[in-house]
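Okay, structure first, notes after.
Counting starts at 1 for both ligands and their atoms, in listed order. Sequence positions, counted from 1, serve as the residue numbers for this chain.
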Amino acid sequence: MVQVVESRERPALAEQASESFRVRWPEFIFHDEVSRACIPKVERYFPNFDLWLLEEESVVAGGWGVPLSWDGQPASLPGGYDGALLASVSAFEAAERCDTFCIMAAAVAVEAAGRGLAGEVLAALRDRALAAGLGRVICPVRPTLKSAYPLVPMARFASWRRPDTSSVDPWIRTHERLGATILGPAARSMVITGAVADWEGWTGMVFPETDRYVVPDSLGLVEIDREQDRGTYVEENLWMRHR
Ligand SMILES: CC(C)(COP(=O)(O)OP(=O)(O)OC[C@H]1O[C@@H](n2cnc3c(N)ncnc32)[C@H](O)[C@@H]1OP(=O)(O)O)[C@@H](O)C(=O)NCCC(=O)NCCS
C-alpha cells in the first residue's frame, strides 16, 4: 500500500530519499546555476509541493513542483525549468497571486521502477495543485528516451509515434496517459556551464579538442571550448499541459 506524504513530514527519511533519487540523474544536471541558487528558496517557500510515495516507511518515489502565474498562452510560458524556478521565486517574494502549478521533477527508486509509480507521483502533485487553487498544470518534461537521439530537435522527437499513436517516449506517454498535451519545446530549459575539467569529472569522458560532444544522458550536445576552458550544455525540454 502506497502512502503519499510531504517530505517535511518524514525528516528521518531525507537521506534515503536523496540517495535513491540522485543516482537516477546524470551528475551534470546538479550543476545548473539557476537551480543551485533557487532550490534552497523553493525548499523554504513551497514545502507543501514536495511529495514522496512511501511503501512500508521507505521512500519509493517522489516529485516536486512550484506555483507561478501564467496566462495560459504558449507564447508566454517561462523559458523552461530554469525560467519556471525564477518565476516561482519572484512571484512568492512579491506576494503575487499564482494560478498555475509547474511540475518540476519526478523520480522513482531503481528497485520500484516499472510499476507505474511515476504516474502516481504526477497525479498526486496535480491533485495537490488543484486543491491549492492552481487551476493550470504544466511541466517542462525531460523525455527519458531523448538522450538516445541527441541530434534530433525536441519538436521532431515529440512527434514520433508508435502504431497505436502513443509517443515513442515512455515519459511523454505517462504524461499523455494522464491527459496532458504537448504545448511545444522549451529551447533553453536548463543551462549548465563548467570548466573542461568539471565536464570531464561529471561525465567520465575526456574532451581533448574544441568541439560538440555527445555525453551520457544529455538530451543534446555539450559544446566544449578548450581555448576558453569552458563547456556549455543547453538542455531543451518539452512543455506539456495537464488537463
Ligand atoms: C521516468 C521515471 C520517473 C519513470 O518511472 P516508472 O515508475 O519506472 O515508470 P512507469 O512504471 O510509470 O513506466 C512508464 C512507461 O515507461 C516504461 N519504462 C519504465 N522504465 C523504462 C526504461 N528504463 N526504459 C524504457 N521504458 C521504461 C514503462 O514500460 C512504461 O511504458 P508503457 O507506457 O508502455 O506502459 C523513472 O524512470 C525515473 O525516475 N527516471 C529518472 C528520473 C527522470 O528522468 N525523471 C523524469 C524527468 S523529470
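Side-chain atoms of Glu236 come within 3.5 Å of backbone atoms of Met154 as a donor-acceptor pair (strictly under, hydrogens ignored).
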Pairs of nitrogen or oxygen atoms, one from ligand 1 and one from the protein, closer than 3.5 Å: please tabulate them with distances.
{"residue": "ligand 1", "atom": "7 (O)", "partner": "Leu117", "partner atom": "N", "Å": "3.4"}
{"residue": "ligand 1", "atom": "7 (O)", "partner": "Ala118", "partner atom": "N", "Å": "3.1"}
{"residue": "ligand 1", "atom": "8 (O)", "partner": "Gly114", "partner atom": "N", "Å": "2.7"}
{"residue": "ligand 1", "atom": "11 (O)", "partner": "Arg115", "partner atom": "N", "Å": "3.1"}
{"residue": "ligand 1", "atom": "11 (O)", "partner": "Gly116", "partner atom": "N", "Å": "2.6"}
{"residue": "ligand 1", "atom": "31 (O)", "partner": "Arg173", "partner atom": "NH2", "Å": "3.1"}
{"residue": "ligand 1", "atom": "33 (O)", "partner": "Arg173", "partner atom": "NE", "Å": "2.7"}
{"residue": "ligand 1", "atom": "33 (O)", "partner": "Arg173", "partner atom": "NH2", "Å": "3.4"}
{"residue": "ligand 1", "atom": "33 (O)", "partner": "Arg177", "partner atom": "NH2", "Å": "2.2"}
{"residue": "ligand 1", "atom": "34 (O)", "partner": "Arg173", "partner atom": "NH2", "Å": "3.1"}
{"residue": "ligand 1", "atom": "35 (O)", "partner": "Arg177", "partner atom": "NH2", "Å": "3.4"}
{"residue": "ligand 1", "atom": "39 (O)", "partner": "Val108", "partner atom": "N", "Å": "2.9"}
{"residue": "ligand 1", "atom": "45 (N)", "partner": "Ala106", "partner atom": "O", "Å": "2.9"}

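More than 12 non-hydrogen atoms from other residues, nucleotides or ligands lie less than 6.0 angstrom from CZ of Phe207. A 6.0 Å sphere centred on CZ of Arg243 holds no more than 12 heavy atoms belonging to other residues, nucleotides or ligands.
Tyr213 and Glu223 share no side-chain donor-acceptor pair at under 3.5 Å. Inspection of the Arg162 and Ser166 side chains reveals an N or O donor paired with an N or O acceptor under 3.5 Å.
With Phe101 as the aromatic partner, Arg126 does not meet the cation-pi criteria of under 6.0 angstrom to the ring centre and within 45 degrees of the ring axis.
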